[in-house]
Undergrad: 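Before I ask anything, here is the structure I am working with.
Numbering of ligands and ligand atoms starts at 1, following listing order. Numbering of residues begins at 1 and proceeds along the displayed sequence. Here the structure is a predicted model, which means the values were calculated and not measured. Values reported hereafter were calculated over all heavy atoms of this structure, with side chains retained and with hydrogens, waters and symmetry mates removed.
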Amino acid sequence: MNTIPKWTEDLLKWYDLHKRELPWRGAKDPYYIWVSEIMSQQTRIEAMKPYFDNWINLFPTVAELAAAEEDDVVRAWQGLGYYSRARNLRLGAQEVMDEYDGEIPRDRKSMESLKGVGSYTAGAVLSIAFNQREPAVDGNVLRVYARLYNVHEDILSTQGRKTIGSIVAETMPYDRPGDFNQALMDLGAMVCVPKTPRCEMCPLSSSCEAHALGTAQDLPIRIVKTKVKDVTVEVVLLEKDGFYLLHKRPNRGLLRSMWEFPAGEDQSVIERLSSIGITIEVGAYVTEFTHVFSHRRWHIKAYEARVKDLRDDLPSDWQWFRKEEFHTLPWAGPHGKLIEYCK
Ligand code: SF4
């Protein structure tokens, strides 16, 4: 029995007329689709387009990405945030080269085994590049389906995702699965938008349960549990004879392996520098601003500082740089904003 509902045809017809023109659409290159899907997570499509073009210029193939230096890869991502996405893309490309002879795998299990590739990305690549009937369920799809089928479960919970995931798996058409997934993404981005869905222009309004029941605005249900922690971060611009002291953050945790000015997150910056043998005198106030991460809010206060005393043998994660070299470094998010205050 064919359980594919009629609204899927309406959606595909709407997609043919209204789909967004995106640089990676039409090419069917699985690598392009992989990159675009990872890049578009947590980033608006309009904002990521120039990054995508630049990325493909720098790393046009899986092989070239696999062979690239990590710092170059992270620098190409600078401004998009969530840098583990860039690092994982490179590691995933290396796995494709080492384990799959340079060919992006065509089955879900292998695809999901690649670093940084989850169920959504695997579904998107397999359906769009290889025309396989594989769902790609992200926040957009959860929202659209929660409204279409009037699902009142928490879409952030495992159970809520499972409920909607099984409806998607049942209702996905056999014909044009890649277009169907992209049509859902476009509908979620342009019509069935988060706060105020545009039901009056929606091609699915006659099939939508939430629209019929007047619950569209209340859906989806999202119960957010994470708390954002406020942290005061003291930063110093410590210059000596035309060189600035910088620190490479550890290769785990927030902003890993990226460069920052000397900073104190849980301790004062004076104590932190003193622990590596540098005594400083803090000078004039420079600036302050707030930067919000997913679980943390940094309240940054920056000061000038000068060296009173220092050891010659700094730990290897601390180095002196000229300002002219700054553009070659991957900067730890908000620290990049402080460059303009260096002489
Ligand atoms: Fe979303 Fe409204 Fe369309 Fe239903 S009718 S899918 S709530 S935009």
Undergrad: With rounding to the nearest 0.5 angstrom, report the OG1 to CD distance, Thr121 to Glu112.
TA: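 Here the rounded value is 9.0 Å.
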
Undergrad: Of all residues at least two apart in sequence or in a different chain, which pass the side-chain contact (heavy atoms from CB on, under 4.5 Å) check with Asp138?
TA: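 Once residues adjacent in sequence are excluded, the partners of Asp138 under the side-chain contact (heavy atoms from CB on, under 4.5 Å) criterion are Tyr120, Asn140, Val141.
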
Undergrad: What residues form a side-chain contact (heavy atoms from CB on, under 4.5 Å) with Asp107, not counting sequence neighbours?
TA: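 By the side-chain contact (heavy atoms from CB on, under 4.5 Å) rule, Asp107 matches Pro105, Lys109, Ser110.
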
Undergrad: Would you call Arg85 and Glu37 a salt bridge, using N to O less than 4.0 angstrom?
TA: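 Result for this pair is no, no salt bridge flagged.
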
Undergrad: My understanding is that only residues two or more places apart in sequence, or in another chain, count here; which of them pass side-chain contact (heavy atoms from CB on, under 4.5 Å) with Leu204?
TA: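 For Leu204 the side-chain contact (heavy atoms from CB on, under 4.5 Å) partners, ignoring immediate neighbours, are Trp7, Asp10, Leu11, Leu148, Leu187, Cys202.
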
Undergrad: Can you list, by chain and residue number, the protein N, O or S atoms under 2.8 Å from atom 3 (Fe) of ligand 1?
TA: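 Protein N/O/S atoms under 2.8 Å of atom 3 (Fe) of ligand 1: Cys202 SG.
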
Undergrad: Keeping Arg161 on the side-chain end and Ile155 on the backbone end, is there a donor-acceptor pair under 3.5 Å?
TA: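 Yes: the side chain of Arg161 pairs with the backbone of Ile155.
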
